[in-house]
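The structure appears right after this line, and notes come after that.
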Amino acid sequence: MYAAMRQGDTLSGKPSSGAYLNQINKTLDLMFRDLVEREVIVRNPINKVATPKVDTKEKRALTPARMRQLVDQLEVETSCDIGYFLAITMGLRRGEICTLSWRDIDFDNKVLTVNHNFDAFRNLKEAKTHAGMRNLPMPEFVCDALLRRKKAQQEYFLTRNYLHRGLKKGWSEQTEDTPVVLDFYAQRVHPDTFGKWWERDRKLLGLDGWCLHELRHSYLSMLAQ
């Protein structure tokens with residue numbers, strides 16, 4: 001199975017990394033050890049399997065000062081920058097940023113709820129695990145940034161609707177189900193597209209070579225400190 005996944009025999013069609021296979025191996029090992037302890041099976045078959053080696057680079061983390069500098073650089077009124085902002089200030093993953101809608105943000109209680117993700121075929125669905133669902137307290141400056149983004153989105157819709165007046169298609173209305181981050185067509189942005197935005201913009205932000213997930217890693221490292 002590991003060899004097949006290495007060659008791209010996966011739901012996405014992309015070869016699995018050694019780090020991902022290593023995690024699968026650890027999970028299976030826990031499962032089989034439990035079965036051995038309960039005498040459902042005689043021995044743990046994982047003991048006969050070569051453990052996949054972790055082949056991903058260790059994630060870097062920005063310093064708190066550099067994180068503040070990045071936040072100051074971002075224009076949170078735009079789709080791309082509010083996404084980067086949420087990654088560095090709230091630790092959201094790429095898919096979580098793309099699934100976020102206005103109903104997930106409680107400005108009164110200053111709470112952001114993560115409760116959706118994408119399946120293997122990139123369809124939006126509700127998270128079914130505790131790890132995929134969480135309520136995050138929002139600092140005041142995060143609330144302010146999201147309010148600025150919401151107002152800018154409303155103004156964008158007014159302009160877009162004016163340009164599309166008289167047409168049956170292209171009309172946009174901001175509702176609770178409207179995504180926070182939109183693509184050019186005012187639709188929910190695809191995670192792969194959002195990743196390409198970051199690859200396009202990171203050099204301008206002085207972070208050439210940094211991957212988007214390292215913003216989340218920086219956030220978590222800051223919390224740990």
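For reference, positions follow the sequence shown, starting with 1.
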Closest approach of Arg188 and Leu100, non-hydrogen atoms and distance?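 Closest pair (atom of Arg188, atom of Leu100, distance): NH1-O, 3.7 Å.
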Considering all heavy atoms, the nearest Ile46-Asn44 contact: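 Closest approach of Ile46 to Asn44: N-OD1, 2.9 Å.
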Which pairs, with at least one residue in residues 212-225 and sequence neighbours excluded, count as a side chain to side chain donor-acceptor pair (under 3.5 Å)?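 Every side chain to side chain donor-acceptor pair (under 3.5 Å) pair that includes a residue of residues 212-225, provided the two are not neighbours, is Arg60-Glu214.
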Within 6.0 angstrom of [X] [atom1], more than 12 heavy atoms from elsewhere:
X	atom1	result
Glu176	CD	yes
Arg43	CZ	no
Met31	CE	no

Check whether any side-chain heavy atom of [X] lies under 4.5 Å from a side-chain heavy atom of [Y], and answer yes or no.
X	Y	value
Leu62	Leu215	yes
Ser79	Val189	no
Phe32	Asn47	no

Donor-acceptor under 3.5 Å ([X] side chain, [Y] main chain):
X	Y	value
Asn115	Met133	no
Thr175	Asp177	yes
Gln174	Lys150	yes
Asn25	Leu21	no
Asp55	Gly18	yes
Trp198	Trp210	yes
Gln153	Pro179	yes
Arg149	Glu77	yes

Would you call the rings of Phe194 and Tyr84 parallel, tilted or perpendicular, taking 30° and 60° as the class edges?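 Plane angle between 30° and 60°, so tilted.
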Which pairs pass salt bridge (charged side-chain N to carboxylate O under 4.0 Å, His left out) with one or both residues in residues 81-90, sequence neighbours excluded?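 Applying salt bridge (charged side-chain N to carboxylate O under 4.0 Å, His left out) to every pair that reaches into residues 81-90, excluding sequence neighbours, yields nothing.
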Output the distance between atom SG (Cys98) and atom CG (Leu182), rounded to the nearest 0.5 Å.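 Going from the SG atom of Cys98 to the CG atom of Leu182 covers 10.5 Å.
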I'd like to know if the side chain of Thr113 pairs up with that of Asp104 as donor and acceptor (distance under 3.5 Å, no hydrogens or angles considered).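 Per modelled atom types, Thr113 and Asp104 side chains form no pair under 3.5 Å.
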